[in-house]
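Computed from a prediction, not measured in an experiment: that's the story for all the values here.
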Protein chains: 2
Amino acid sequence: MKNKNKKTVMSPAPSSVQKRKLIPKKTITSIEKNPEKLESEEVVKPSLSCVRRLPSYLQLLRALQADGHEYVSGTVLASVHHLAPVIVRKDLAFTGVTGTPRIGFQVTELIAAIERFLGWDNQNKAVLVGVGNLGSALLGYHGFENFGLQIVACFDNDPMKIDTWIRGCKVHSLDQLPRFIRRSHIVLGVLTVPAEAAQKTAERMVESGLLGIWNFTSVKLAVPANVVTQKEDLAEGLAVLSHRMQHVSKTLAIQQ
Amino acid sequence: MKNKNKKTVMSPAPSSVQKRKLIPKKTITSIEKNPEKLESEEVVKPSLSCVRRLPSYLQLLRALQADGHEYVSGTVLASVHHLAPVIVRKDLAFTGVTGTPRIGFQVTELIAAIERFLGWDNQNKAVLVGVGNLGSALLGYHGFENFGLQIVACFDNDPMKIDTWIRGCKVHSLDQLPRFIRRSHIVLGVLTVPAEAAQKTAERMVESGLLGIWNFTSVKLAVPANVVTQKEDLAEGLAVLSHRMQHVSKTLAIQQ
DNA sequence: TAGATTGTTAATCGATTAACAATC
DNA sequence: TAGATTGTTAATCGATTAACAATC
């Protein structure tokens with residue numbers, strides 16, 4: 001994958017676009033090294049870590065906004081989250097906002113920029129499949145509405161649950177899913193079924209037309225390339241916690 | 001923090017310990033460059049990513065064990081999780097197990113090694129503080145017992161909830177926490193209170209003697225250095241999902 | 001034996017951090 | 001003005017990947 005014929009890169013040097021770069025570009029050095037990459041994919045993409053950090057900025061910004069703050073510096077955002085200020089500056093650059101030296105960023109503008117960047121500016125509707133313990137907890141937790149997500153319907157296979165109401169949401173039969181998705185133009189599904197049923201259920205969700213699955217099961221799903229899945233695995237966090245605790249107790253034991 | 005007086009490192013060269021290294025060492029080059037670091041902290045530590053991946057291996061290994069498989073190759077573990085085989089080999093090396101070329105790893109031995117490494121070989125008891133939606137879902141979800149965690153008691157501030165039973169667990173007043181912790185020698189707490197109460201509650205948990213807090217609130221907790229906190233933030237995963245979905249739809253639009 | 005797999009070193013890649021001019 | 005903060009490049013660090021001898 002080298003030297004795919006490029007179209008005349010020797011055209012007028014890009015010096016005219018020098019006013020205010022909203023999105024960071026690669027360094028000139030790397031452009032020289034890979035001149036065939038001067039086209040659209042040239043834009044630097046945010047790291048996964050950056051995307052993961054943005055919601056925490058958002059949360060703090062909303063609190064600041066509620067407190068009546070008009071501006072906030074990257075330095076402040078950084079210290080609250082125990083991050084280096086330069087990390088915050090780089091992360092925020094991806095959202096397209098520009099700050100003012102000595103002043104910082106306009107809170108309202110920054111909130112809007114992060115929301116837009118993450119696609120949380122319009123409320124995204126979602127269905128939830130699998131109304132067990134975790135499923136009903138998520139139904140009852142309306143905090144996701146701060147993150148652009150609104151669960152509007154839920155589905156289950158269990159005849160005992162179908163047509164009952166859970167946390168203000170009527171449980172539908174899983175058989176109803178395709179029709180419901182098609183009518184409602186919903187693209188996102190939350191999967192909270194038991195592990196055994198995970199892959200099968202995911203397939204039905206994909207067939208119904210969903211394009212994203214937020215996967216709370218312990219199963220790594222196999223889905224077509226145009227479908228995005230995100231696995232939420234609490235065991236990961238627990239592993240980190242356990243490991244750190246072991247480490248701390250060892251360190252303390254050594255120090256004694 | 002350099003050149004802390006070390007005790008005679010010139011003693012008999014470590015060539016005698018050459019049979020089977022269970023834990024990877026740094027390369028000779030780096031030892032030569034930092035000769036003052038020849039002591040215990042010399043051991044290479046696993047990356048956070050490695051620790052996060054171990055539970056997923058564990059889960060698959062248990063399924064294989066239940067299916068009667070005696071051996072599994074790193075290659076298989078890798079392909080199931082869409083990882084490069086060398087990642088799996090390196091991760092497993094940290095647990096101290098040794099595989100057999102052409103055969104792979106003994107499933108039972110590997111399960112035990114990962115559990116030991118993560119401190120999941122004995123069931124760790126924990127308390128849960130804050131019996132709201134999420135709290136009661138976690139109480140009802142017994143899957144953590146596969147990960148060495150057993151929630152044995154729960155606490156809340158709400159007089160309406162105190163002394164009721166939720167998912168087989170009696171809700172105690174938060175005031176009872178210090179006495180309970182001291183009597184039971186529990187070190188781990190799960191925090192599922194509303195954001196406003198998070199920091200205050202965490203402080204009470206620390207005062208009671210807890211050494212680890214699994215934090216399900218949206219608040220970054222401030223705790224003493226000897227206390228470990230692990231923040232579980234669903235918004236992170238949702239951000240990644242939203243971002244990926246935007247990207248996929250853009251890519252598809254371009255390709256059309 | 002042949003060939004798949006392990007364990008390990010070296011190279012690559014990408015994210016974080018350092019450094020600093022520009023700005024208000 | 002002075003000095004805090006932004007935006008950006010270059011250096012560093014650490015994790016992933018490539019490569020390969022050793023092994024069964």
Give a yes or no on whether a salt bridge exists between B/Asp121 and B/Arg116, defined as a side-chain N under 4.0 angstrom from a carboxylate O.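 No, B/Asp121 and B/Arg116 are not salt-bridged.
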So, B/Arg62 and B/Glu115, do they make that salt bridge, N to O below 4.0 Å?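 Salt bridge flag = yes for B/Glu115 with B/Arg62.
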In whole angstroms, how far is the [atom2] atom of [N] from the [atom1] atom of [X]?
| X | N | atom1 | atom2 | answer |
| --- | --- | --- | --- | --- |
| A/Leu48 | D/dT16 | CG | P | 12 Å |
| A/Asp91 | C/dT16 | CG | P | 8 Å |
| A/Tyr71 | D/dA4 | OH | C1' | 16 Å |
| A/Leu83 | C/dA15 | CG | C1' | 13 Å |
| B/Glu109 | C/dT6 | CD | P | 13 Å |
| A/Arg52 | C/dA15 | CZ | P | 13 Å |
| B/Gln106 | D/dC24 | CD | P | 16 Å |
| B/Leu110 | C/dG7 | CG | P | 10 Å |

Select one nucleotide: of D/dT17, D/dT5, C/dT8, the one nearest the side-chain heavy atoms of B/Arg89.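 Nucleotide nearest to B/Arg89's side chain: C/dT8.
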Strictly below 4.0 Å: does [X] bring a side-chain N or O up to OP1 or OP2 of [N]?
| X | N | answer |
| --- | --- | --- |
| A/Thr98 | D/dT6 | no |
| B/Ser49 | D/dG14 | no |
| B/Thr100 | C/dT6 | no |
| B/Arg53 | D/dT16 | yes |

How are the rings of B/His243 and B/His247 set relative to one another: parallel (under 30°), tilted (30 to 60°) or perpendicular (over 60°)?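 Answer is parallel, since the angle falls under 30°.
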Return the 5'-most residue of the pair A/Val86, A/Arg102 with respect to DNA chain C, ranking by each residue's nearest nucleotide.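 Checking each residue's closest nucleotide, the 5'-ward one belongs to A/Val86.
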Identified pairing partner of D/dA19, criterion: Watson-Crick or G-U wobble below 3.5 Å: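 Here D/dA19 is engaged in a pair, and the nucleotide opposite it is C/dT8.
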My understanding is that a pair needs two contacts under 3.5 Å, Watson-Crick or G-U wobble. By that rule, which nucleotide pairs with D/dC13?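 Pair assignment: D/dC13 / C/dG14.
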Quick one: does B/Leu211's side chain get under 4.5 Å of B/Leu188's, heavy atoms only?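 Of all side-chain heavy-atom pairs linking B/Leu188 with B/Leu211, none is under 4.5 Å.
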Taking the nucleotide of DNA chain D with the nearest heavy atom to each, does B/Ile103 or B/Ile87 sit closer to the 5' end?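 On the 5' side of the pair lies B/Ile87.
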Report yes or no: is there a donor-acceptor pair, N or O only, under 3.5 Å between the side chain of B/Lys90 and the base of C/dT6?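 No such pair is found, so the answer is no.
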Please name the pair of heavy atoms, one in A/Trp214 and one in B/Gly237, separated by the smallest distance, quoted to 0.1 Å.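 So the two residues come closest at NE1-C, 4.3 Å.
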